[in-house]
Amino acid sequence: MTDMMPSDTQTVVTRFAPSPTGFLHIGGARTALFNWLYARGRAGRFLLRIEDTDRKRSTTEAIDAIIGGLTWLGLDWDGDIIFQFSRADRHAEMAHSLLEQGKAYHCYAGPEELTEMREQARAEGRPVRYDGRWRDRDPSEAPQGIAPVVRLKAPQQGETVITDEIQGTVSVANSQLDDMILLRSDGTPTYMLSVVVDDHDMGITHIIRGDDHFTNAFRQTQLYQAFGWDTPVFAHVPLIHGPDGAKLSKRHGALGVEAYRDMGYLPEALRNYLLRLGWGHGDAEIISTEEATRWFGLDAVGKSPARFDFAKLASLNGHYIRNSDNTALVKSLLPFIEDRLGRRLQGDELDLLAKALPGLKERAKTLVELAESALFYFLPRPLALNEKAAGLLAGSGSLLGALKTRLDEVEDWTEGPLDQAVRAFAEENEMKLGKIAQPLRAALTGSNVSPGIFDVLICLGRKESLGRIQDQITKQKSGAV
RNA sequence: GACCCCUUCGUCUAGUGGCCUAGGACAACGCCCUUUCACGGCGUAAACACGGGUUCGAGUCCCGUAGGGGUCGCCA
């Protein structure tokens with residue numbers, strides 16, 4: 001394995017090469033992350049290439065989604081984005097040079113003929129592949145009026161070996177590989193040709209990609225050999241499966257990274273989670289970007305597929321939320337709150353949010369949860385109560401009234417005096433603090449769950465707190481009569 | 001079907017022949033902390049797919065079986 005590595009003096013160049021046929025899904029995001037980490041940790045370059053040679057399925061929306069996803073994740077690439085289709089002439093030119101050298105040939109078998117060939121092979125239980133029927137035919141036999149494709153004249157004897165940094169050394173008999181199409185009948189290059197030429201021209205030293213490309217590596221190796229080029233280092237990363245163990249595909253639960261953003265996950269949490277999916281470094285779980293670039297290597301990437309587990313992502317996300325800088329957190333949280341509130345937050349409300357955030361962020365696993373837990377601060381009086389809060393108040397009798405009388409006397413609305421007043425009130429009534437705090441919490445927040453009660457009292461302020469308590473007293477009285 | 005790959009607690013993983021009566025994390029459960037919920041602390045339960053070898057000794061090496069996955073496009 002080691003002797004296949006390029007010499008130490010060569011700079012590492014990796015690339016992420018998605019096809020713009022949909023959003024940036026979670027597997028692609030991890031592939032991008034691994035490539036980014038590998039290059040960044042080795043003072044190398046990380047390039048982005050959009051594989052848009054399928055003109056029918058490539059969309060600008062998908063390109064935007066991929067760029068947006070990478071940007072949100074914080075994975076920056078070096079230089080300009082390469083659009084593969086813009087290099088089609090170069091790819092075709094290389095195919096023609098192979099044709100001239102007799103290493104490729106024209107094939108006149110049309111789509112129907114090939115389908116028929118495959119169906120028959122399948123029916124007879126034979127391997128399903130092109131049988132090379134035009135490989136050695138004389139050009140004079142070419143039928144008129146049919147545009148041919150160009151196929152590689154691949155070796156039929158021996159075997160093709162790839163040395164993969166993750167999968168190890170694997171060989172396949174050349175008899176298993178058919179002559180791949182290089183140029184379509186309209187003269188445009190296929191993926192197989194384009195990747196090889198681009199990876200070579202871009203000076204890619206390490207190809208880190210999903211395991212679904214593993215068998216492609218054999219065909220690509222044959223192409224590298226036909227061109228007389230050295231192969232880059234291959235590293236095929238096992239795929240990510242869904243929670244049920246089935247393949248995580250776009251139609252089976254795979255989501256775009258923007259969906260994770262909308263669910264309230266932080267990019268640093270998603271990055272940390274993705275990094276640990278299929279890769280490990282001893283017992284390390286919470287891994288900073290700096291540590292990740294320092295530690296990441298292909299030798300520690302596992303060989304088996306991993307299942308996606310939302311619970312662990314959520315746990316990591318909670319950690320990153322708790323440890324977020326408040327100013328930055330407010331910025332990412334604000335859209336979630338305003339979206340739920342249906343309006344923008346005013347200046348003094350922003351101050352309130354900043355003040356309340358430390359108490360709030362302790363208890364949320366996503367920005368969605370965080371936003372919902374913050375909502376009560378901004379809702380107008382009188383507050384609607386959830387079921388449990390209503391139950392707490394119903395069972396508290398005249399407690400609120402007596403408590404309010406006591407709180408009315410507190411002029412210095414800060415933790416010390418408030419704490420003192422409420423505790424004194426509890427002692428006088430021979431009640432545990434919880435018996436008082438819970439109804440108070442219900443009146444103040446409309447819920448049975450919230451940050452510490454003194455924190456809430458202070459953030460809300462004297463006037464608003466007293467007002468909210470009075471609302472419930474009034475409601476109780478009217479209800480009693 | 002053919003070719004190739006994979007298999008340690010429910011999940012992600014540590015483990016590269018003796019340090020393993022298999023470690024960590026998430027989830028679960030219990031206890032503590034406590035004004036609720038979280039956080040935090042402590043603890044419990046939980047795995048080397050199976051069968052053969054090799055070896056003084058195997059989770060670690062080899063073979064087979066079973067299960068899972070990937071690929072087999074004029075898609076990428």
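Chain letters run A, B, ... following the sequence lines, proteins first, then strands; residues in each count from 1. Note that these values count all heavy atoms, side chains included, but never hydrogens, waters or copies made by symmetry.
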Q: Send over the distance from Asp186(A) CG to rG73(B) P, rounded to a whole Å.
A: 19 Å

Q) Which listed nucleotide (rC72(B), rC5(B), rC74(B)) is nearest to the side chain of Val128(A)? A) rC72(B)

Q. Which nucleotides of nucleotides 29-45 of chain B have their base under 4.0 Å from a protein heavy atom (B), which only their sugar-phosphate (S), and which neither (-), written as one string 5' to 3'?
A. ------BBBSSS-----

Q: Take Gly110(A) and Ala173(A), find for each the nucleotide of RNA chain B with the closest heavy atom, and name the residue whose nucleotide sits nearer the 5' end.
A: Ala173(A)

Q. Ion pair present between Arg49(A) and Asp199(A), side-chain N to carboxylate O less than 4.0 angstrom?
A. yes

Q.
Between the base of rC74(B) and the side chain of Ser185(A), is one N or O donor paired with an acceptor at under 3.5 angstrom?
A. yes

**Q.** salt_bridge(Glu51(A), Arg15(A)) N-O dist < 4.0 Å
**A.** no

**Q.** Spacing between Met180(A) atom CE and rC72(B) atom P, to the nearest angstrom
**A.** 13 Å

N/O contacts under 3.5 Å, protein versus nucleotides 12-22 of chain B?
from    : atom 1 : to        : atom 2 : distance (Å)
rC12(B) : OP1    : Arg307(A) : N      : 2.9
rC12(B) : O2'    : Arg276(A) : O      : 2.7
rC12(B) : O2     : Lys312(A) : NZ     : 3.3
rU13(B) : OP1    : Gly278(A) : N      : 2.4

Q | Residue pairs involving residues 316-325 of chain A (criterion salt bridge (Lys or Arg N to Asp or Glu O under 4.0 Å); sequence neighbours excluded) | A | none

Q. Does His319(A) have any ring-ring contact (aromatic ring centres under 6.0 Å, His included) partners at least two apart in sequence or in another chain, and if so, which?
A. none

Q. Base, sugar-phosphate, or nothing for Val170(A), non-hydrogen atoms under 4.0 angstrom?
A. sugar-phosphate

Q) Just checking, is any N or O donor in the side chain of Gln438(A) or Arg441(A) under 3.5 Å from an acceptor N or O on the other one? A) yes

Q) How is Asp178(A) classified with respect to the nucleic acid when contacts are heavy atoms under 4.0 Å: base, sugar-phosphate, or nothing? A) nothing

Q | Donor-acceptor contact below 3.5 Å, side chain Glu464(A) vs main chain Gly461(A) | A | no

Q. Excluding sequence neighbours, so at least two apart, what forms side chain to side chain donor-acceptor pair (under 3.5 Å) with Thr31(A)?
A. none

Q: Flag the pair Asp54(A) and Arg57(A) as a salt bridge only when some basic side-chain nitrogen lies within less than 4.0 angstrom of an acidic carboxylate oxygen.
A: yes

Q.
My understanding is that only residues two or more places apart in sequence, or in another chain, count here; which of them pass side chain to side chain donor-acceptor pair (under 3.5 Å) with Lys153(A)?
A. none

**Q.** Is_stacked (His213(A), rG70(B)) at 5.5 Å, 30 deg
**A.** no

